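What follows is a single structure, written as structure tokens, with notes after it.
Here the structure is a predicted model, which is why all the values come from computation and not from measurement.
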Amino acid sequence: QFMKLFWKERLGQKLQGAEIEGLLAGYRASYLKPALKPLRDVILELAKRRRDDKFSILELGCANASMLHFLKDAGVDTGTVDFHGIDMWEEYVLDAGRHFPDAVITQGDVETFIEMPESAFSLPRYDVFVASLTLCMIEPGRAERALAKAASMAKAIVLQETFLNL
């Protein structure tokens, strides 16, 4: 519950204007951090291997679609990416929509994802499910249910996690 409170409510912080924009700008570039290079490399390789004109990503804990910002900076035409992201903080959802109006961003948490009916997703199956530093903040049973759902919805699962809850 602490993690949910932190990410959804920002621990009750009354962030405004420049503070919010600073957080959003930092997350737009978060995939450029050196620690996430392995994840970036895998996603780029999968995008290059696509068999048709589109590449699809389902991301749990997408922040403000930082994955799409990275792909755009890497030269990928984000218009060819079917992206469905899920994140709790409303400011992330709004920012992602401003930058990538064709992306589908659902405001919610892991339980939202687990309980979403198939009709709530833009595609029946995605090329890849991504979770980066997300599942480590979730109780193991919920993480297991999220991964089971992801396995039923994606051809590949790419995770980069620090598991502290095992």
Checklist entry - Between D127 and L58, is any pair of side-chain heavy atoms under 4.5 Å apart? => result no

Item to check | Hydrophobic cluster identity match, V104 and F83, side-chain contacts under 4.5 Å | outcome: no

Checklist entry - Rounded to the nearest 0.5 Å, how far apart are CD1 of I86 and NE2 of H84? => result 5.0 Å

Next on the checklist: If you define the side chain from C-beta out and look only at heavy atoms, does anything of I114 sit under 4.5 Å from M116?
Outcome noted: no

Next on the checklist: I'd like to check V42 versus L39 (side-chain heavy atoms, cut-off strictly below 4.5 Å). Are they in contact?
Outcome noted: no

Item to check | Step-by-step side-chain contact (heavy atoms from CB on, under 4.5 Å) determination, R49 to E45 | outcome: CA-CA 6 Å; R49 283 196 223 160; E45 181 62 29; 3.3 Å; yes

Checklist entry - Taking all atoms of both residues into account, what is the closest heavy-atom pair of R40 and K33, and its distance? => result NH1-O, 2.8 Å

Checklist outcome for this item: All heavy atoms of S132 vs all of L36, minimum pair found to be OG-CD2, 3.5 Å

Item to check | Pair R142 + E139, salt bridge at N-O below 4.0 Å | outcome: yes

Checklist outcome for this item: For I57 and V130, the nearest pair of non-hydrogen atoms, with its separation, is CG2-CG2, 4.1 Å

Item to check | Heavy atoms from other residues, nucleotides or ligands near CD of E115 exceed 12 (cutoff 6.0 Å) | outcome: yes

Next on the checklist: To the nearest 0.5 Å, what is the distance between CD1 on I105 and OH on Y92?
Outcome noted: 13.0 Å

Checklist entry - Going hydrophobic residue to hydrophobic residue with side-chain gaps under 4.5 angstrom, can you get from I157 over to F121? => result yes

Checklist entry - Between K155 and Y126, is NZ or CZ placed under 6.0 angstrom from the six-membered ring centre and within 45° of the ring axis? => result no

Next on the checklist: Check this for me: K149, atom NZ, are more than 12 non-hydrogen atoms of other residues, nucleotides or ligands nearer than 6.0 Å?
Outcome noted: yes

Checklist entry - If you round to the nearest 0.5 Å, how far is CG of N64 from CZ of F100? => result 9.0 Å

Next on the checklist: With side chain to side chain donor-acceptor pair (under 3.5 Å) as the criterion, how do D77 and T80 come out once you've worked through the C-alpha distance, each side chain's angles and the decisive distance to 0.1 Å?
Outcome noted: CA-CA 6 Å; D77 176 3; T80 67; 5.0 Å; no

Item to check | Residue pair M67 / C62, side-chain heavy-atom distance below 4.5 Å | outcome: no

Checklist entry - In Å, rounded to the nearest 0.5 Å, how long is the span from CE of M88 to OG1 of T134? => result 9.0 Å

Checklist entry - Roughly how far, to the nearest 0.5 Å, is CD of E118 from OG of S152? => result 7.5 Å

Item to check | Note, D95 side chain near R98 side chain (heavy atom, < 4.5 Å) | outcome: yes

Item to check | Expected output: side-chain D87 to main-chain A63 donor-acceptor under 3.5 Å | outcome: yes

Checklist outcome for this item: Here the gap from L68 atom CG to H99 atom NE2, rounded to the nearest 0.5 Å, amounts to 11.5 Å

Checklist entry - Listed by chain and number, what are the side chain to side chain contact (heavy atoms under 4.5 Å, CB included) partners of A47, not counting sequence neighbours? => result R50, F55

Item to check | N/O donor-acceptor pair under 3.5 Å between Q160 side chain and A35 backbone | outcome: yes

